[in-house]
Amino acid sequence: MNWEAIALTGRLAMIVAGALVLVGLPIAYWISFSRWRWKFLIEALVSVPLVLPPTVLGFYLLVAFGSGSWFGKWWQSITGHTLAFSFQGLVIASIIYSLPFAVQPFAASFAAVDPALLSVSSTLGASRWHTFWRVILPLSVPGVVTGVVLSFAHTVGEFGVVLMIGGNIPGVTRTVSIDIYDRVQAIEYASANQTALVLLIFAFAVLSIVYALNRRIWAVYPFK
Amino acid sequence: MKFDVPSKLEANTLDSALHVQIRREYCGGDRDATFSLDVNFRVPSGITMLFGPSGAGKTTVLDCIAGVRSPDSGRIELAEQTLFESAVQINIRAEIRRIGYVFQSLALFPHLTAEQNIHYGLFKLPVAERRRRAAAILDSLHIAHLRNRRPRGISGGERQRVALARALVTQPKALLLDEPLSALDAATKAGIMDDLRAWNEQHRIPVLYVTHSREEVFALGERVIALEQGRVVAEGTPLQVLSAPRTEAIAGWMGLENIFDAEVLALHEKQGTMLCRLASAAGAGPELEIPLGRSTAGDRVRVGIGAGEILIATRVPEGISARNVLQGELKTIERRDAMLIAKVDSGILFEVHLTPGAQESLQLVAGKRVWLVIKTYSCHLLQRTSRELL
């Protein structure tokens, strides 16, 4: 069992899930309530990682992180090193890759809030900001939890993007899935199986939580 | 006996009135069809009923006033302040209009207790003031015992009170009610309306109450605006609107052709009836026994009787269950389609509908002496006019 890889994966997934709450909530809010006619383009863009082969996403991120792009240059001028093959690069890639897994459940639960509650909130003098914190978010707790859990789990399980932009540096970018791949390549089936089994059990547990939450939607907040 | 006329209200409260003059396309009951709303009316302080069939545009009007939706064009003014004016592109946001709005669905926040719901609109106030105001409104609407309950755990009538309290506690400059009581029984309804009237006697704001129920118009309203397919078709007191030219909307109210003001003389609680004297222009009219209402002797009430529910006899009827037999003189009788409309004077003018066959066999002609037979339960108690018109 490679505890270093497991710890690294856990750290990565937690940071990504946390970042996706900050990034995903405003995007989901905008998708739920904007009346912009070209909104569907943004919705499609957010969901692209769902259907794209991870290698395609990884390839373009690698290009963007490289010193040939303005972003890569800018990052290098600030931090002194390149994003490719670094933990930070992995974090950014994972945020993009897991974005739909956070935004979709967030947006679905925002859209499910009775619009009359939002109208009545505004007639009671509440700004949109206030309404979001006092009405929309409390009523969307199951959806937000689902989004966080799914993006955490998805980050734990990603492989292609990590391989493309992270490489295989122990303690820096060698995640659990890369570790398993490594061991299979080295014909260490027994240790590969150990780690794989842990991931399998983890994935099952996480999805059980998600489905249980959505079945009894008020499992977290016992009301309505 | 003289009765107060509601128009008396308007003189000293001009400044708090709501003026609405708007146009808007809207979807009626039928999803595919769009209608155009084009209305122009004024709501003085007091309770005004916005009456009309479903799809008439009533909710659209309320949404535009509250600022939840915007009209295509026009002007909305409240207490001499412009809330919306398309010509100069004024459109005050809903959250600063200070208009209380009780939705048809009530829209209570399911995750908050009754008290937290009521606190919701007071978040800008200091906590102590918030508590004071919430406690006052909880008391005056008799829901203090519900303060820690969530909306799901309380009954329909109590939920209405919570929603009303949540709107009133913000001290709005106008109150909009979208069929808030339609699902409640008459007694619960009357109790809530009494509390609302009591509150409004202190605050004197315009209250616009949307309904499609004729009974509510008579029972609750001081004033009516009748809306049909996006147009105002009649406006005035319930009585005035009834006597206005017949339109499709008003025809719906016509189930009660005879509407009289009356004074309660005595209550017979055991029999479930009360005796009242109808007020005619000439003075005291005939006495009628009507179903017991929430009244005391001396109260002024309004009684409605369907013209088709009154029997005409040419001799003194005997051995019948009907409690009211009034002697009178047949003044006129005229034909409308397959029906005859008789006007009978028995101290006050009654309209009676009968068939041509009945006229033939009784040989009814103008000037004939007749007796009107009216069952107690054919008399509908419409409105208590004693307190609300002060």
Side-chain angles (χ1 to χ4, degrees), chain A residues 21 25-26 28-30 32-37 39 105-148 212-224, chain B residues 59 62-70 83 92-114 116-125 130 148-154 162-178 180:
Chain A
V21 171
L25 287 180
Y29 182 90
W30 185 85
S32 300
F33 299 111
S34 165
R35 288 191 198 150
W36 191 46
R37 60 189 298 201
K39 182 172 92 172
F106 292 175
S109 60
F110 292 171
V113 174
D114 180 2
L117 297 181
L118 311 183
S119 297
V120 89
S121 176
S122 70
T123 68
L124 289 169
S127 63
R128 288 180 182 198
W129 178 253
H130 189 91
T131 303
F132 178 76
W133 289 107
R134 291 291 311 278
V135 179
I136 298 174
L137 201 56
L139 289 174
S140 301
V141 164
V144 172
V145 171
T146 299
V148 169
L213 265 183
N214 285 311
R215 190 167 55 93
R216 284 180 51 234
I217 201 135
W218 299 112
V220 171
Y221 251 108
F223 52 68
K224 188 163 187 188
Chain B
T59 300
L62 291 198
D63 282 355
C64 288
I65 297 170
V68 172
R69 275 191 266 182
S70 296
L83 299 180
I92 306 287
R93 277 174 296 139
E95 65 245 41
I96 49 180
R97 287 194 181 191
R98 296 201 48 205
I99 293 180
Y101 192 172
V102 178
F103 284 62
Q104 191 167 10
S105 65
L106 299 183
L108 290 172
F109 300 119
H111 58 301
L112 302 179
T113 63
Q116 288 169 332
N117 264 282
I118 291 165
H119 275 234
Y120 189 89
L122 304 175
F123 61 92
K124 285 171 187 152
L125 298 175
R130 229 184 279 179
N148 294 321
R149 310 256 292 273
R150 290 224 162 80
R152 192 193 171 197
I154 58 186
V162 175
L164 193 58
R166 182 178 62 176
L168 294 182
V169 78
T170 60
Q171 301 186 347
K173 292 180 182 166
L175 181 64
L176 310 174
L177 304 166
D178 193 358

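Values below: every heavy atom of this structure, side chains too, minus hydrogens, waters and symmetry copies. All of these numbers come straight from a predicted model, not from anything done at the bench. Letters A, B, ... are given to chains in the order of the sequence lines, protein chains preceding strands, and every chain is numbered from 1.
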OG1-CZ distance between T131(A) and F33(A), expressed to the nearest 0.5 angstrom |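 It is 9.5 Å, given to the nearest 0.5 Å.
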Between [X] and chain A, with a heavy-atom cut-off of 4.5 Å, which part of the residue counts as in contact: side chain, backbone, both or neither?
{"X": "R166(B)", "answer": "both"}
{"X": "F103(B)", "answer": "side chain"}
{"X": "F123(B)", "answer": "side chain"}
{"X": "L176(B)", "answer": "neither"}

What closest approach, in Å, do L117(A) and P110(B) show between heavy atoms, and which atom pair accounts for it?
->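 Closest heavy-atom pair between L117(A) and P110(B): CD1-CD, 3.8 Å.
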Please report the shortest heavy-atom distance between L139(A) and P142(A), naming the atom on each side.
->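 Taking every non-hydrogen atom into account, O-CD, 4.2 Å.
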For the residue pair F132(A) and F110(A), categorise the inter-ring angle as parallel (less than 30°), tilted (30 to 60°) or perpendicular (more than 60°).
->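 Ring orientation, 0 to 90° scale: perpendicular.
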